[in-house]
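One structure below.
Residue numbers start from 1 in every chain, and the chains themselves are labelled A, B, ... in the order their sequence lines are given, proteins ahead of strands. All heavy atoms count here, side chains included; hydrogens, waters and symmetry mates do not. It should be emphasised that the depicted structure is a prediction, and the values quoted were computed from it without experimental measurement.
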There are 2 protein chains.
Amino acid sequence: MARTKNTVTIDDVARLAGVAKGTVSRVLNNYGDTSAKTRDRILQAVERLGYQPSSAARKLKRGRVDTLGIVLPAGDGEHADPFLSEFLDGIAQALDLSDRDLLVTTAHSDEHAVAVHDRLIRSRKVDGFIVTRTQGDDPRIELLLQRGFPFVAHGRTRNTGFAWYDVDNERAFLEAVRHVAALGHRRIGFLGGPTRMNFAIQRRAGYRKGLEEAGIAHDPALESTCELSESSGAEAARTLLRLDEPPTALVCVTDTVAIGAMGAIRALGLAIGRDVTVIGYDGLPVGAYIDPPLTTFSQSAHAAGARAARMLIDVIEGVDPLERQELVPADLVKRSSDGPPQKTPQELKESLAK
Amino acid sequence: MARTKNTVTIDDVARLAGVAKGTVSRVLNNYGDTSAKTRDRILQAVERLGYQPSSAARKLKRGRVDTLGIVLPAGDGEHADPFLSEFLDGIAQALDLSDRDLLVTTAHSDEHAVAVHDRLIRSRKVDGFIVTRTQGDDPRIELLLQRGFPFVAHGRTRNTGFAWYDVDNERAFLEAVRHVAALGHRRIGFLGGPTRMNFAIQRRAGYRKGLEEAGIAHDPALESTCELSESSGAEAARTLLRLDEPPTALVCVTDTVAIGAMGAIRALGLAIGRDVTVIGYDGLPVGAYIDPPLTTFSQSAHAAGARAARMLIDVIEGVDPLERQELVPADLVKRSSDGPPQKTPQELKESLAK
DNA sequence: TTGTAAGCGTTATCAC
DNA sequence: GTGATAACGCTTACAA
């Protein structure tokens, strides 16, 4: 079996420094009760041998692995979620500052996700979890709560007795509707996400509140649901545009969905931003480079990941989870996929009939 | 400190089953020398208590953690690499099948990357590494080779005495040039990647070979270099199009760069696929949804990740790394960003002057 | 077939 | 201040 040669242990350091290994340990863990002289000698030996404590041995004693875990939804090999990759990157960078690592796993279903969390808890491979894409009733969170295992959720659930970091989804979508209504739109469609996702529910609530605020009657036909992929967004957009009274604006649950919708709109021969306004959500970089650049709401996935990681570390170190709950606003990034309606819904319908 | 209550250990299982813990261990590790009766009793106890061996304790004894590591380039919070996220997803899924996990870290520079690998090796947190985005001379690979630590590279380097999985970059770019030359283009630009990256060198070599095969003289002015981001691709495209004799086709080192280039072309008032042909590389999903859909070469990042993970497991289990070297072809995905040149370079120049 | 006990590399509790 | 030494939870000779 391939093995590393000459692993250097605390005994090697102790021998080289001419002390007991207990002393080495105390120096390395800053007990501060060692004489400056032996301290230096030990530090030198550590340096010379390139000694690093074995995480396994340390864990065995301490009960801590300095590793956080995250269980991602398994992609199908076609739709890696750009939000998650930025989020991950944020976590990893925050962790780097605190000398901890991140264990990444995937799960292909809710039950599988629960099982994976369970396995990781029991095999004690992580000190805590970051849970993403929370659902209204989230079985992962139930498990974690019941086990008393540290975690931070990105997104809330019905139950909120834990640490979470969330974007004010409702407010963002209220503002999105307010924005397009101010542009003059009255037929405003909503391309929503799966309603088991809590953020999807919140965004839908914001959409409805926005309509109410604008004095527009809520038309269920304009409110659709799709998976978080481009193809699904395209399909949902086609469906809404086929209505007798099609929407002149589409508010989309994510940028990915919006990009799919844009593809569909274009395929129907319509001009985005003129015939049909599209608003996304996420602020993905790619949105700035497509045609026309996508107007969207931005939450920094990177910042969210970093902050969630930091919060989790606090919780692991004993901070009351209830003191780590943060709601942050998303900002409108005005680009060019929105504009005043150039056609009435009827005219839109006619131009589609051709 | 937040801790899990009542962790169940092998002793608990042994007690409940009324046997010695050694016996429990043997059953769990399939020594097959235990009587069916006690075996059942033990398995039942394991089931009832929900016992999972502590990874730390197991590691201490076995010298194996069943965890693979990957050190990603730290994004700047703006440009998460979609290729890497799909690649990660592929790894994670392959690992799930073998009950192993993935440790993800980031590094913000070459030296930092080496340091992180080193720390992970020494603290024995992983059994092996997957190295991505290899460079011609790769300090990470030097380190790993010197330490005799198991790894698989995604991409080759100058030295090839290790396990790797790579796409035939050179061939793909030769074919890209062949393709646009067949369409009638003679001024073919290249938006290359940083030449410290080995794949960037290979792709450039393919570009040059393609020119040669097509009987087109190599013009250094048409060969540029950029970072792997949209903005950098946009800038490089602008530079080439400002030449006195601008290219009518742009072969790009990645889809991300191509998308940036498309933005720049459009901003100059030119039609993609008619005035300027653009060819990408990676086959990112988003390429199908932008306008016009991007013609590209596709390698499945997901499959690559999964395969690399599997290869690494083999190497860790003792397979000779030299028996795990695989070169796979990339396939042309014909979409709509390419076409016969509608203008000569001179005409292109003139239309730009306006 | 099963029990006993030695260690894996740490940290922590004692004495000295 | 520092050195022994006992855990931590597991695997694996070796005995029985």
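Contact between the side-chain N/O atoms of A/Arg62 and the OP1/OP2 oxygens of D/dC8 is not found at any separation under 4.0 Å. Under 4.0 angstrom from either OP1 or OP2 of D/dT2 there lies at least one side-chain N or O belonging to A/Thr38. Between B/Tyr31 and the phosphate of D/dA13, there is no side-chain N or O to OP1/OP2 separation shorter than 4.0 Å. Checking the phosphate oxygens (OP1, OP2) of C/dG9, no side-chain nitrogen or oxygen of A/Thr7 falls inside 4.0 Å.
In this structure, CG of B/Asp12 is placed 13 Å from C1' of D/dC10, rounded to the nearest angstrom. What separates CG of B/Asn30 from P of C/dT1 is a distance of 15 Å, to the nearest Å. Look at CG on A/Asn29: it is 11 Å from P on C/dT10, rounded to the nearest Å. Atom CZ in B/Arg124 sits about 10 Å away from atom C1' in C/dT10, given to the nearest Å. Rounded to whole Å, atom P of D/dT11 lies 14 Å from atom CG of B/Asp33. Nucleotide D/dG9 holds its C1' atom 13 Å from the CZ atom of B/Arg15, rounded to whole Å. Rounded to an integer number of Å, the gap from A/Arg64 CZ to C/dA12 C1' is 14 Å. One interatomic measurement links the two molecules: NZ of A/Lys37 to P of D/dG1, which rounds to 12 Å at whole-angstrom precision.
Here C/dT4 is the nucleotide among C/dT11, D/dG9, C/dT4 with the atom lying nearest to any side-chain atom of B/Ala20. Of the candidates C/dT2, D/dT11, D/dG1, the closest approach to any side-chain atom of B/Ser35 belongs to C/dT2. For A/Ser54, the listed nucleotide lying nearest its side chain is C/dT10; candidates were C/dT10, D/dC10, C/dG3. The listed nucleotides are D/dA7, C/dG7, D/dT12; the one nearest the side chain of B/Arg26 is D/dT12.
Side-chain contact between A/Phe129 and A/Ile70 is absent, with no heavy-atom pair separated by less than 4.5 Å. Contact annotation: the side chain of A/Leu49 never approaches that of A/Arg15 to less than 4.5 Å [non-hydrogen atoms, C-beta and beyond].
Judged by distance alone, with hydrogens and angles left aside, A/Lys61 brings a side-chain donor or acceptor within reach of the base of D/dA7, the pair sitting under 3.5 Å.
Remark on DNA chain C: of its neighbouring residues A/Leu60 and B/Thr23, the 5'-side contact belongs to B/Thr23, judged by nearest-heavy-atom nucleotide. Taking for each of A/Ala36 and A/Lys21 the nucleotide of DNA chain D with the nearest heavy atom, the 5'-most of the two is the partner of A/Ala36.
Between atom CE of residue A/Met311 and atom CD1 of residue A/Ile130 there is a gap of 10.0 Å, rounded to the nearest 0.5 Å.
Scanning all heavy atoms of the two residues, the minimum distance from B/Ala57 to A/Leu60 falls at CB-CD1, 3.7 Å.
In the model, A/Lys125 has a side-chain atom that pairs as donor or acceptor with a side-chain atom of B/Thr67 under 3.5 Å.
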